[in-house]
Amino acid sequence: MKSCLVVDDSKIIRKVARRILEELDFDIQEAVDGQDALDICKNSMPDVVLLDWNMPVMNGLDFLKALRKTEGGTSPVVVFCTTENDMSHISAAISAGADEYIMKPFDREIIESKFVQVGLL
Amino acid sequence: MKSEDFELISGLLKQRSGLILPKDKVYLLESRLTPIAHRRGLDSLDELVSEVRLKRKEDLLTEITEAMTTNESFFFRDNKPFDLFKDSVLPQLLESRASRKKIRIWCAAASTGQEPYSLAIILKELSAKLVGWNIEIIGTDISQKVLDKAKMGLFSQFEVQRGLPIQLLIKYFNQVGELWQISEDIRNMVSYRKYNLLDPYTLLGSFDVIFCRNVLIYFDQQTKTEVLEKMRKLLPNDGTLFLGAAETVLGITDKFKPVQGQRGLYSTADASMEVIGKLRAV
């Protein structure tokens, strides 16, 4: 079973994402902001990170940059999942090492289609 | 909905588009035709059916047919056919058409353009290999409305997220307000024409590859046979046909044969062993 870390400050989004991903047979962990996520990753790297952008303490982009510099941090597939839906944010995320990008609102089909593209399904 | 009303509308759809609407899909009639009734100032679907019965106005019949034959589509739908096109079909054609340097591709139910544009993107990505080649992609559909949308190349945020890798969104799309427009050079690689698959195919010319995915499922047996046999006449012996994952030629026509191990890909029954061998190899 592959592991997925869901990083979002919204409890509702984490719950929705968890439900979809558990149905797709992922083992889920949750983090409430970038720092929380980074601590979890340092302890044990997940196979994939579903990552919000705007969060308190540490935002998604800063988390991603820090993750990629951490030992073993290049291996997780990182999929942004955010309301930021303009080309400049998308480009910045990809340049910083994100593998895919989901613009909220999302549904099961979008998550599934994106996870297929990055080879997780 | 009264059963004579259902029969009137389903008969009309069968005659005009080949679409077979089973009785258990009556909810589809209700959900898609009620908005048309309201737009026309009618109170209910019953009133719309009366209009059809009494006046048989062409524009109304067309609108009903279009509403019922429009189906959702997404970029790189099912992935596999596009990989097969890129890795098996195209290399075979580049070899066999090397002197003519011309390839024609037909998307027979182009809908809002995702399938022809996915092919155009594949070709664009390979453009270094295709210098001097003339590759035409023709998208047809029974509905003018979806073709108008296809030509504009404007897609919602939902549409560009289903099947399209983010790298390709960055590379080939521009943001226009809330929508995403596919770039002009990709748009220019596809031409669109309104075409009813029940009509004779004499005006289309010949093709090397035909995509006819997720269309036959809506037809009855006889219409499936007629459509496939007309398509066969547009293909040379080494031409290929793509059908949807849930579709088959078995029991419908012997003019095409499935290419072993390549799901959804069909060669003509007259293809040489050499061609079949190349289509099988990945």
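Every chain is numbered from 1 and lettered A, B, ... according to where its sequence line falls, protein lines coming before strand lines.
- Both the backbone and the side chain of A:D86 have a heavy atom closer than 4.5 Å to some heavy atom of chain B.
- No more than 12 heavy-atom neighbours from other residues, nucleotides or ligands sit within 6.0 angstrom of CZ on B:R263.
- Surrounding CZ of A:R68 are more than 12 heavy atoms belonging to other residues, nucleotides or ligands, all under 6.0 Å away.
- Neither the backbone nor the side chain of A:V118 comes within contact range of chain B, judged by heavy atoms closer than 4.5 Å.
- The contact between B:F74 and chain A is made entirely by side chain atoms (from C-beta outward), counting heavy-atom distances below 4.5 Å.
- In B:Q260, the CD atom is not crowded: 12 or fewer heavy atoms of neighbouring residues, nucleotides or ligands sit closer than 6.0 Å.
- Heavy-atom neighbours of A:K104 NZ from other residues, nucleotides or ligands within 6.0 Å: above the threshold of 12.
- Within 6.0 Å of NZ in B:K194 there are more than 12 heavy atoms belonging to other residues, nucleotides or ligands.
- The contact between A:Q117 and chain B is made entirely by side chain atoms (from C-beta outward), counting heavy-atom distances below 4.5 Å.
- Residues of residues 157-171 of chain B that come closer than 4.5 Å to chain A, counting heavy atoms only, are B:Q157, B:F158, B:V160, B:Q161, B:R162, B:G163, B:L164, B:P165, B:I166, B:Q167, B:L169, B:I170, ordered by residue number.
- For the ring-ring contact (aromatic ring centres under 6.0 Å, His included) test, no residue two or more places apart in sequence or in another chain qualifies with B:F219.
- Residue B:M189 places its CE atom among more than 12 non-hydrogen atoms of other residues, nucleotides or ligands, all under 6.0 Å distant.
- Within a 6.0 Å radius of CD in A:Q29, no more than 12 heavy atoms belonging to other residues, nucleotides or ligands are found.
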